Every structure is written in C-alpha cells, then in structure tokens.
Amino acid sequence: MADQARSDKLRRLVAVQRHLERIAEFDLAETGRQRSEVAKQMDNVVTALNSVDPVHQAFGQAYAERFSRLSVKDRQLKGMEQVHEMRLRQERAKGDRLEEGMREAQEGERREAEDAAIEDLIDQRFATPASSKLHKP
C-alpha cells in the first residue's frame with residue numbers, strides 16, 4: 001500500500017468526505033422535517049385555542065402550555081438546523097478542497113508519467129547498442 005498513488009489516496013478520502021456530506025444533508029433534512037411537524041402541531045393548538053367549542057375552551061390552559069412547549073422545541077430545532085447547515089457547509093468545503101488536491105495530484109502524476117515516457121524514448125534513441133561497440137576496431 002506504500003506504493004499507492006497520492007491521487008488514489010485522495011480519491012478515497014474524497015469518497016469518505018462526500019459520504020460525511022450526505023450524512024450532514026440527511027441530518028439537516030431530518031431537522032427540517034421535525035420543525036415542519038412541530039409547526040403543524042402548533043397550528044393545531046392555535047386552532048383549538050381559537051375554537052368556540054366548549055370542550056376546547058375547558059382545556060385552554062393546557063393548550064397554552066402545550067403551545068409554549070412547542071415554541072421552545074421549535075426554537076431548539078431552529079438552532080439545531082443552523083448547526084447542521086454550518087456543518088454541511090464545512091463538510092462540503094472540505095470535500096471540495098480534497099477533490100481539488102486529488103485533481104492536482106492526478107495532473108502531477110500524469111505529467112510525471114509523460115516525462116518518464118519521454119526520457120525513455122530519448123534514452124532509447126541515443127543509446128548505443130552493446131553489439132555495435134564490440135564490432136568497432
């Protein structure tokens with residue numbers, strides 16, 4: 001594994017980094033889904049609070065407390081969402097930097113291979129065959 005090309009190592013790191021990026025995207029999407037669910041629950045509580053139905057009016061205090069808890073949960077989820085967005089940006093930036101390094105390493109390896117091929121051609125062209133040295137007087 002010591003002879004593995006730098007670009008291959010970076011390619012593997014890019015794949016891992018992109019996987020971490022997908023995990024961050026999933027976490028962000030899940031937090032968004034949870035916030036949407038909390039928003040629906042808050043709408044339902046507001047609807048119940050505004051209802052003229054005597055059953056709902058009897059539970060007004062419980063609805064107010066429920067709304068307060070849902071508001072706190074929504075603020076917490078909003079904070080988590082911001083953290084997930086920041087993490088996603090960081091993971092994406094890391095992946096982009098690794099990918100750029102991989103491309104540069106591939107380009108360097110390609111140039112190195114071309115240079116080696118040219119040097120081999122030059123060596124072959126100007127090399128004197130050993131048999132011709134033997135036949136000279």
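On a predicted model such as this, the values are computed, not experimentally measured, just so you know. Residue numbers count from 1 along this sequence.
Residue Gly101 comes nearest to Arg6 through the heavy atom pair O-NH1, 4.0 Å, listed as atom of the first residue, atom of the second, then distance.
Under the 4.5 Å side-chain heavy-atom criterion for Ile, Leu, Val, Met, Phe, Trp and Tyr, Leu49 and Leu70 are members of the same hydrophobic cluster. A chain of hydrophobic side-chain contacts below 4.5 Å, direct or via other Ile, Leu, Val, Met, Phe, Trp or Tyr residues, connects Val45 to Phe59.
A donor-acceptor distance shorter than 3.5 angstrom exists from the side chain of Thr47 to the backbone of Asp43, with no hydrogens or angles considered. Although no hydrogens or angles enter the test, the distance criterion places a donor-acceptor pair under 3.5 Å between the side chain of Asn50 and the main chain of Val46. Between the Ser71 side chain and the Phe67 main chain, a donor and an acceptor come within less than 3.5 Å of each other.
Note: Leu10 CG to Glu104 CD = 9.5 Å, rounded to the nearest 0.5 Å. Atom CD of Glu25 sits about 8.5 Å away from atom CG of Leu28, to the nearest 0.5 Å. With rounding to the nearest 0.5 Å, the separation of CZ in Arg35 from CG in Asp74 is 4.5 Å. Considering CD of Glu99 and CG of Asp96, their distance stands at 6.5 Å, rounded to 0.5 Å. Within the model, atoms CD of Gln34 and OG of Ser36 stand 10.5 Å from one another, a figure rounded to the nearest 0.5 Å. Between atom NZ of residue Lys73 and atom CG of residue Leu77 there is a gap of 6.5 Å, rounded to the nearest 0.5 Å.
A side chain to side chain contact (heavy atoms under 4.5 Å, CB included) with Thr31 holds for exactly one of Glu85, His84, Gln76; it is His84. Here the options are Glu91, Lys94, Arg92, the test is side chain to side chain contact (heavy atoms under 4.5 Å, CB included), and the partner is Leu20; only Glu91 passes.
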Next item on the list: Might you work through the side-chain hydrogen bond (donor to acceptor under 3.5 Å, both in side chains) test for Gln106 and Arg11, ending with a clear yes or no?
Entry: CA-CA 10 Å; Gln106 286 173 336; Arg11 181 186 46 77; over 6 Å; no
Margin query: Under the criterion salt bridge (Lys or Arg N to Asp or Glu O under 4.0 Å), I'd like the reasoning laid out for Glu114 against Arg110: C-alpha separation, chi angles, the key distance, then a yes or no.
Written below: CA-CA 6 Å; Glu114 287 175 355; Arg110 185 190 59 76; 2.4 Å; yes
Next item on the list: Could you walk me through whether Lys40 and Glu37 pass the side-chain contact (heavy atoms from CB on, under 4.5 Å) test, one step at a time?
Entry: CA-CA 5 Å; Lys40 286 179 190 175; Glu37 192 174 297; 5.8 Å; no
Item checked: Verdict with reasoning, Met42 to Val38, per side-chain contact (heavy atoms from CB on, under 4.5 Å) -> CA-CA 6 Å; Met42 289 173 72; Val38 167; 4.0 Å; yes
Checklist line | Test side-chain contact (heavy atoms from CB on, under 4.5 Å) applied to Arg12 and Asp8, step by step | finding: CA-CA 6 Å; Arg12 286 190 5 244; Asp8 290 339; over 6 Å; no
Check: side-chain contact (heavy atoms from CB on, under 4.5 Å) between Arg87 and Ile23: does it pass, once the steps are laid out?
Finding: CA-CA 10 Å; Arg87 186 174 137 229; Ile23 290 171; 3.6 Å; yes
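Comment: Arg33 engages Glu30 in a salt bridge, judged by a side-chain N to carboxylate O separation of less than 4.0 angstrom.
A side-chain donor-acceptor contact under 3.5 Å links Glu65 and Gln61. For the residue pair Gln17 and Arg97, no side-chain donor N or O sits within less than 3.5 Å of a side-chain acceptor on the partner.
A 6.0 Å sphere centred on CD of Glu109 holds more than 12 heavy atoms belonging to other residues, nucleotides or ligands.
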